[in-house]
Amino acid sequence: MRRFRLGMVSILAFIAASACVSNEKIIYLQNQEGDTPIEDGELISYEIPEYRLQYNDIIDVNIQTVDDMIQNGFNNKAMGGISGQMGNVASQSGGDIYYMTGYTVDNEGKIRLPIVGEVVVKDKTLEEARIAIEEKLRVYVTTELYVKVKLGGIRYSALGEFRRPGKFVVLQDRMTIFEAIANAGDLTPIAKRDEVLLIRQYPEGTRLHRLNLNDRHVVESEFYFIQPNDQIYVEPMKVREVGAGENAAQSIALVISAITALALILNLIK
């Protein structure tokens, strides 16, 4: 019986040890052993290719003539007020303000504008799309014309070991993967930060990419900045399989509960 007790205690001690997650697996942006270190304060340069519009993207098209500018000002305050009100509603309801007010790229790579009709924008940059829309408008408008085309925010999904997984829309033109993770409440302590799966849409299809967020060199990666419609999936570590807690306190509580249950069983056996 004594050997049995010692064996059970050893097993529980092993479980407790395996439940602990080392800092090396949690800390972001480390200088990995064997890689050229990136020192603090060192300038990291990168080239960001211009994003090209794809199917299911939503763009915001703002068109102003001279009369519009005289009446509403250069900032188009009338439209800004409407967008501001819709933005407040969307932020409270979790909706997408540009879903109703923007223009969605269809499966043929086109958007449909009032009067102008269909305009092909797929595989075009925002500037190229602006020029294409302006050329279509010149048939109907002879006065001075101002056309602004922007992405209707960055849409992405966060799945797996996030504190707040879900689908998000961020109203900005550029976003890093760390900003995307922070927006989803950060990763849980048992998330595999060294094997993050980035699912990215391309004109020809979908590709899967693995990222190591523990490695400081991820900042130099072409995937450091996320793109619209990206999906980020994070798997749990092995500690989840043994039912361990997410932190030391939970793991200790789990071990104490197991020891208590074992002691009760042993007393019953006696």
Side-chain angles (χ1 to χ4, degrees), residues 11-35 38 44 46 48 56 90-96 153-172 174-202 205-258:
I11 292 172
L12 290 173
F14 173 77
I15 293 174
S18 62
C20 297
V21 180
S22 66
N23 283 340
E24 290 182 357
K25 295 182 178 181
I26 296 179
I27 297 174
Y28 296 116
L29 300 173
Q30 303 173 61
N31 278 315
Q32 300 288 307
E33 205 173 319
D35 291 341
I38 299 176
I44 301 173
Y46 42 74
I48 307 173
N56 212 34
S91 63
Q92 294 172 6
S93 62
D96 184 345
I154 297 177
R155 292 160 185 76
Y156 73 96
S157 300
L159 307 97
E161 291 299 321
F162 287 88
R163 294 190 184 276
R164 191 165 57 90
K167 186 174 181 180
F168 302 91
V169 182
V170 181
L171 300 182
Q172 58 191 60
R174 194 170 71 171
M175 188 177 198
T176 70
I177 190 167
F178 288 106
E179 289 177 303
I181 290 171
N183 192 53
D186 201 359
L187 300 177
T188 67
I190 60 171
K192 281 187 178 179
R193 288 162 172 77
D194 59 342
E195 293 185 22
V196 174
L197 184 63
L198 178 68
I199 305 170
R200 176 161 292 179
Q201 309 300 316
Y202 294 89
T206 300
R207 291 179 182 171
L208 309 180
H209 306 281
R210 288 283 182 181
L211 304 178
N212 183 358
L213 300 183
N214 297 133
D215 189 354
R216 189 169 288 196
H217 283 275
V218 73
V219 179
E220 299 175 324
S221 167
E222 60 183 300
F223 309 112
Y224 181 57
F225 291 95
I226 69 168
Q227 294 184 1
N229 305 313
D230 275 356
Q231 300 170 59
I232 307 170
Y233 172 65
V234 184
E235 301 173 359
M237 296 181 190
K238 291 291 185 180
V239 292
R240 169 64 64 82
E241 296 179 8
V242 298
E246 291 191 357
N247 52 49
Q250 292 182 8
S251 299
I252 292 171
L254 177 66
V255 172
I256 291 174
S257 299

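Computed from heavy atoms alone, side chains included, the values below leave out hydrogens, waters and symmetry copies.
Under the side chain to side chain donor-acceptor pair (under 3.5 Å) criterion, E220 pairs with H217, sequence neighbours left out. Residues that satisfy the ring-ring contact (aromatic ring centres under 6.0 Å, His included) test with Y233, not counting sequence neighbours, are absent from this structure.
Between F162 and I181 there is a side-chain heavy-atom pair separated by less than 4.5 Å.
Of the residues T206, N229, D230, the one that meets the side chain to side chain contact (heavy atoms under 4.5 Å, CB included) test with R200 is D230. V219 pairs in a side chain to side chain contact (heavy atoms under 4.5 Å, CB included) with only one of the listed residues (T176, I44, I177), which is I44.
Cation-pi geometry between R155 and F168 is not met: the NZ or CZ atom fails to fall both under 6.0 Å from the ring centre and inside 45° of the normal.
Of the possible donor and acceptor atoms, none in the side chain of Y156 sits under 3.5 Å from a partner among the backbone N and O of Q227. A distance-only check finds no donor-acceptor pair linking the side chain of R193 to the backbone of N214 [under 3.5 Å]. Of the possible donor and acceptor atoms, none in the side chain of D194 sits under 3.5 Å from a partner among the backbone N and O of N212. Side-chain atoms of Q30 do not come within 3.5 Å of backbone N or O of R216 as any donor-acceptor pair. A donor-acceptor pair is defined here as one N or O able to donate and one able to accept, closer than 3.5 Å; no such pair exists between the side chain of E195 and the backbone of K192. With hydrogens and angles disregarded, a donor-acceptor distance shorter than 3.5 Å links the side chain of R164 to the backbone of N183.
Within a 6.0 Å radius of CD in Q32, more than 12 heavy atoms belonging to other residues, nucleotides or ligands are found. Remark: Q172 CD is packed, more than 12 non-hydrogen atoms of other residues, nucleotides or ligands lying under 6.0 Å away.
Salt-bridge annotation for R163 and D186: absent, with no side-chain N of the basic residue lying under 4.0 Å from a carboxylate O of the acidic one.
There is no side-chain donor-acceptor pair under 3.5 Å between D215 and Y28.
When all heavy atoms of A180 and I232 are compared, the closest pair comes out as CB-CD1, 4.0 Å.
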